[in-house]
Amino acid sequence: MRLGLALGYWGRGPSADHVPLALEAERLGYDSVWTAESWGSDAFTPLTWIAAQTSRIKLGTAVAQMAARSPTTTAMHALTLDHLSGGRVMLGLGLSGPQVVEGWYGRPFPKSPLTATREYVDVVRQVLRRAGPVELDGRFHTHPYRGSDGTGLGKALKPITHPLRPDLPVLLGAEGPKNIAQTTRIADGWLPLYWSPMRTAVYEASLGAAPEGFLVAPMVRAKVCDDVAEGLLPVKAMLGFYIGGMGHAARNFHADLMGRMGFEEEARRVQELFLAGRREEAVSAVPDAFADEISLIGPRERIAERLDLWRKGPITDLLLLSPDPHTLRVLADLN
């Protein structure tokens, strides 16, 4: 099981710790470092900054949002950075949800998310393989564009720049069972948002057809500390925000996932409190048991014991959300 460092996205501004953390992770033998985006900082620019100051560690987006860019634009970002970094890019993509896609990107959320994802990945693959001009007569993506509001002059093109790696890894952030199952067919790996090593049965059917070498890389908040309850507070704060605020009351993929993992009643309560403006209560309502299952929190001995559970499942890469060099060092030693 490889280790990765997940830096997430910026808050109010850039973090001065990100490059030093990436350098420390590379020194410790971590396999990868990952950036993200929501509706603030983008995923590719910080990753390029990190690429320029590292030499070995792989560079991943977890995730770049599909609504933010056309698939050809995303492929251009990936192939450019792959050249500049000497072939270190891992392209993680996510569809996000209606609230972000329509509220921030000003685009309609696709009525068939699986089809939209499949077409997007198809176009990215065509660009990276450069076997011929990019052509797709899709429901959501057409190349060349053939809409009635176009000129009709579009020409099928292939990238001027030859991609460094036609098989550059593409991973998907997926939450629904059908979406995860499709991910095993069209991508090189899956980026789970929440993973509990105690509830692997939740994903068994969806991962049943995963090919050999398929990557499973969950993001896990980690903290070496003496007080487990105190260490869980950032995990609960994150869960409260995602389950309560990252979606509509009637359509929240994160809340649905928590429900499938055995905490349906608790997820709805968190959502109700958050949407009512009672955010502190929403965070408190996140069950400690759920927050604990999907993270690695506590003294070194406790983390070592729980790490064994993660190794027994299909996890190939553990992406640690941990802005703490000491925790990174301890996990490197234990792994």
Side-chain angles (χ1 to χ4, degrees), residues 2 4 31-35 37 42-45 47-48 51 56-95 110 112-147 150 153-174 179-191 207 209-217 316-317:
R2 294 176 293 264
D31 185 69
S32 56
V33 58
W34 302 74
T35 56
E37 60 189 10
D42 78 283
F44 288 101
T45 307
L47 202 61
T48 304
R56 178 198 58 79
I57 198 165
K58 294 173 186 172
L59 309 157
T61 56
V63 293
Q65 297 191 12
M66 297 184 208
R69 309 163 188 85
S70 71
T72 48
T73 306
T74 295
M76 288 167 64
H77 278 298
L79 75 85
T80 302
L81 183 51
D82 205 43
H83 270 290
L84 293 174
S85 66
R88 291 190 277 152
V89 170
M90 303 175 76
L91 180 61
L93 301 171
L95 196 59
S112 178
L114 269 69
T115 301
T117 299
R118 189 166 58 249
E119 291 178 4
Y120 198 102
V121 172
D122 185 352
V123 173
V124 169
R125 297 280 203 198
Q126 287 191 51
V127 174
L128 294 175
R129 288 170 181 157
R130 203 179 177 271
V134 176
E135 294 187 272
L136 181 67
D137 186 16
R139 178 177 172 184
F140 299 97
H141 300 283
T142 56
H143 294 265
Y145 182 72
R146 300 181 180 89
L153 301 177
K155 179 182 178 181
L157 301 169
K158 63 180 179 180
I160 297 170
T161 304
H162 291 233
L164 183 65
R165 294 182 298 159
D167 57 349
L168 184 153
V170 176
L171 298 86
L172 295 176
N179 201 353
I180 297 168
Q182 175 176 266
T183 297
T184 66
R185 298 191 297 270
I186 67 172
D188 301 296
W190 172 44
L191 295 160
L207 292 174
E212 185 177 352
F214 186 78
L215 304 177
V216 179
T316 60
D317 298 78

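Here the CZ-OG1 distance, from F44 to T80, works out to 9.5 Å after rounding to the nearest 0.5 Å. Note that CG of L84 and CG of L47 are 11.5 Å apart. Values are rounded to the nearest 0.5 Å. Separation of atoms CG (D167) and CZ (R125) is listed at 9.0 Å; rounding is to 0.5 Å. To the nearest 0.5 Å, the span separating CG on L168 from CG on L81 amounts to 9.0 Å. In this structure, CZ on R130 lies 10.5 Å from CG on L79, to the nearest 0.5 angstrom. Between atom CZ of residue R118 and atom CG of residue L172 there is a gap of 12.0 Å, rounded to the nearest 0.5 Å.
L59 is listed as a side-chain neighbour of V33, based on a closest heavy-atom distance under 4.5 Å. No side-chain heavy atom of P71 sits less than 4.5 Å from a side-chain heavy atom of L136. Considering only heavy atoms from C-beta on, R69 comes within 4.5 Å of D42 through its side chain. With a 4.5 Å cut-off on side-chain heavy atoms, I57 and R88 count as touching. A heavy-atom distance below 4.5 Å is found between the side chains of L215 and R2.
Residue pairs that meet the ring pair (Phe, Tyr, Trp, His ring centres under 6.0 Å) test with at least one member in residues 116-146, sequence neighbours left out, are Y120-H141.
Looking only at distances, no side-chain donor or acceptor of H77 sits under 3.5 Å from a matching main-chain atom of T45. No donor-acceptor distance shorter than 3.5 angstrom exists from the side chain of T61 to the backbone of L91, with no hydrogens or angles considered.
Scanning all heavy atoms of the two residues, the minimum distance from A156 to P144 falls at N-CG, 3.4 Å. The two residues M90 and K58 come nearest to each other via the heavy atoms SD-CD, 3.8 Å.
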message: Using side-chain contact (heavy atoms from CB on, under 4.5 Å), reason through R165 and V89 one step at a time and then give a plain yes or no.
response: CA-CA 10 Å; R165 294 182 298 159; V89 170; 4.2 Å; yes

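Screening L171, V170, V63, L191 against L93 for a side-chain contact (heavy atoms from CB on, under 4.5 Å) leaves a single residue, V170.
A search for side-chain hydrogen bond (donor to acceptor under 3.5 Å, both in side chains) contacts involving T48 returns nothing, not counting sequence neighbours. A search for side-chain contact (heavy atoms from CB on, under 4.5 Å) contacts involving A174 returns N179, I180, T183, W190, not counting sequence neighbours.
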